[in-house]
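Structure record follows, encoded as structure tokens.
A quick note: this is a predicted structure, and the numbers were derived from the prediction, not measured. Per chain, numbering begins at 1; letters A, B, ... match sequence-line order. For the numbers below, each heavy atom of this structure counts, side chains included, while hydrogens, waters and symmetry mates do not.
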Number of protein chains: 2
Amino acid sequence: MNKPTVHDIAKEAGVSLATVDRVLNARPGVRDKTIAKVQAAVERLGYVRDTYAANLARQRQYRFAFLLPEGPSQFSDTLKLALQEAYSSHVADRTLLKIVPVASHDPHAIVRTLQGLNVAQLDGVALMVPETPQVRDAVARLKAAGLAVVALVSDLPNSQRDHFIGINSVAAGRTAGLLMGRFVKGSGEILVVTNSMRSRDSLERRLGFDAVISSDFKNLTALPSIESYDDPVRMDQIVAQVVAARPRLAGVYSMGGGNTTMLNALRRSGRLDEIAVIAHELTPSTRQALEANEVAAVITQNVGHLVRSALRVLRNLCDQAPIFESQERIRIEIVVRENLP
Amino acid sequence: MNKPTVHDIAKEAGVSLATVDRVLNARPGVRDKTIAKVQAAVERLGYVRDTYAANLARQRQYRFAFLLPEGPSQFSDTLKLALQEAYSSHVADRTLLKIVPVASHDPHAIVRTLQGLNVAQLDGVALMVPETPQVRDAVARLKAAGLAVVALVSDLPNSQRDHFIGINSVAAGRTAGLLMGRFVKGSGEILVVTNSMRSRDSLERRLGFDAVISSDFKNLTALPSIESYDDPVRMDQIVAQVVAARPRLAGVYSMGGGNTTMLNALRRSGRLDEIAVIAHELTPSTRQALEANEVAAVITQNVGHLVRSALRVLRNLCDQAPIFESQERIRIEIVVRENLP
DNA sequence: GCGTAGATGAGGAACGTACATCATTTCAAG
DNA sequence: CTTGAAATGATGTACGTTCCTCATCTACGC
């Protein structure tokens, strides 16, 4: 048998096509009893709406905005690239994408950008911004305007966002901790660096990292986090100082960006071969360092999956269609020299 | 501007809709000059055919068969599950799936099953079978019948298959080797077990594993591969014997199935905590062993991606549409206790 | 029994594409 | 200049769905 159509449903339920349509699209003017009849027919025949025919008929256009951190960052560059690629493939059929750069370090700028969005011309928004009370309010405003809102990479758990597309930062930190413990032979100290501990991601990664190190690897001591505040000069100094001052340094865990600078400082120290480095996000510089055996492992998320998942979820949210969680779960990927994609 | 349609192309090229249609669908009866005119218009307007409208119009049905190993195997069970899931999601729209179990250890049975396929009722086939000359011939026959053929999990490189969906076994073995080298402290011996070294996968994994161990980890000695021939009793004996006979055993690399039995034997030995175990494929038993800290790492491929990729590639092959390599590349995933999905 | 509002039916146009049919034009060979 | 085949145009129907209009039916209160 072929797949049932709305016509089959009409016949099966003993009603007209128009009524089936009214029920399926939740339009008013149908008695409860009739609704039930139609739904029963849908159940019996196992009808599933042909989304593509439907979108064709209703001339559906999905209009999405992606708010991504502006400025030079290898991670957001790869993200944008993946977005372009998804856009040019059929993955983004009937979809209009707008990439909005946002000064993510400045909470006021974020809110200004969010408020500057023309909600009337949008169906959904993906946000990669740190969570602040103002951002939460802005998300509430987007939701009130009827938009689908997803948090990308970095969650906004206390906002009204519909969905989070990204990895669990605590688990990512725990993974880094486990690998660090397994990689370092003997005992020693671990330097932990990041841009800023004010970001939820860094906090959670640190939390997970420490939990595993302190419970499973008592031979290791994780030093207090040092922040670079996105300043390459500062990052360079931190790393150089710590390496010089701590002969027992056995590992470096880099929770945020600035890996190029961090690695250069380590290279200069001449101790790179005795220090296990674990970093986040696969970018040109971490990739190169993996290939050169300078970085032991990179914890990353597949940006291709990330953007495709964001697009699928946004579309399903707009259609009020169910979301296949198992397909949308972004994995915490471990990349070493030999499984570089 | 909205996306251009065939009508726009007709107008732009100064020809009729019928001619555009003839060109786009490579139907005969169009002069080369006219073909060029139409193609130029397509280029200029950036026209891309709306696959869904096209499939709707032509009542396209994709009919695929998946030949998967029969019999009790945790891996093919999860594969079947993923296939069911993909089928019930919109991923498999307009697709009819048939799962054909095949006695994969018996080359003659494989060929019989392959020849038993009704090629007239199929548009594509995904094969998870070991490569033999007879299989190569059977693939040639499928191709001659005009079917799309993809190899799944295990490649058939010397056959006429259109595509391989799976991971590079040599790289997977190298990854296992690198992790083993990083995980084992000090020196020692590594037991390598598999079902059968006659399978290409095992051979290649071993190749990659040895290459990394011998070049980067001279402190380790990888023992000759031992085969279980899919026999749990034999597997149990192998592991028990080796563990008892070799006090310097520091790791076990399990390249194939039978992990439940292998792990039980190791548990009985009481030496599990001093032996680093690396296995392939995330299944209920390897997952449980990861959680219990008995297995250090599992090298796996995401079966969800695997089947979705197979479906996409088969469909694109049928439509003669280009394949997005970056989306279809299956990653070699490393799973440890902390990044279990 | 009437009026009315609400429920339902009947039918059609549209979305972008495929494909069939038949009519018309083009162009080169005779 | 005719002939005929090849090339092209014009037009219509179909796919499954949405959405619109208009007509009819039903049930209810009066």
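When side chains are defined from C-beta on, Val102(A) does not count as touching Leu114(A), because their heavy atoms never get closer than 4.5 Å. Side-chain contact between Tyr62(B) and Asn55(B) is present, with heavy atoms from C-beta onward closer than 4.5 Å. With contacts defined as side-chain heavy-atom distances shorter than 4.5 Å, the pair Leu317(B)/Ile323(B) qualifies.
Electrostatic pairing of Asp155(B) and Arg161(B) counts as a salt bridge here, judged by a charged N lying under 4.0 Å from a carboxylate O.
Arg49(B) comes within 4.0 angstrom of sugar-phosphate atoms only, judged by non-hydrogen atoms across all strands, and of no base. Among the protein residues, Asn25(A) comes within range of the sugar-phosphate backbone only, with heavy atoms under 4.0 Å from sugar or phosphate atoms but none that close to a base. Residue Asp21(A) is in base contact, counting any heavy-atom pair closer than 4.0 Å across all strands shown.
Nearest-nucleotide positions on DNA chain C place Thr19(A) closer to the 5' end than the other of Thr19(A) and Leu24(B). If Val20(B) and Ala18(A) are placed on DNA chain D by their nearest nucleotide, the residue sitting closer to the 5' end is Val20(B). In this structure, Arg31(B) and Arg58(B) both approach DNA chain C, and ranking their closest nucleotides by distance from the 5' end singles out Arg58(B). Nearest-nucleotide mapping onto DNA chain D: of Ile35(B) and Gln59(B), the residue sitting toward the 5' end is Ile35(B).
Looking at Arg63(B) and Asn118(B), their side chains never bring a donor and an acceptor atom within 3.5 Å of each other. For the residue pair Glu70(B) / Ser104(B), no side-chain donor-acceptor distance below 3.5 Å is found, with atom types taken as modelled.
Counting 5' to 3', DNA chain C first comes under 4.0 angstrom of a heavy atom of chain A and last does so at the ends given by dA7(C) to dG16(C). Mapping heavy-atom proximity under 4.0 Å, the span of DNA chain D touched by chain B runs 5' to 3' from dA7(D) to dG16(D).
In terms of modelled atom types and a separation under 3.5 Å, the side chain of Asp21(B) and the main chain of Leu17(B) share no donor-acceptor contact. No donor-acceptor pair under 3.5 Å is formed between the side chain of Gln160(A) and the backbone N or O of Lys143(A).
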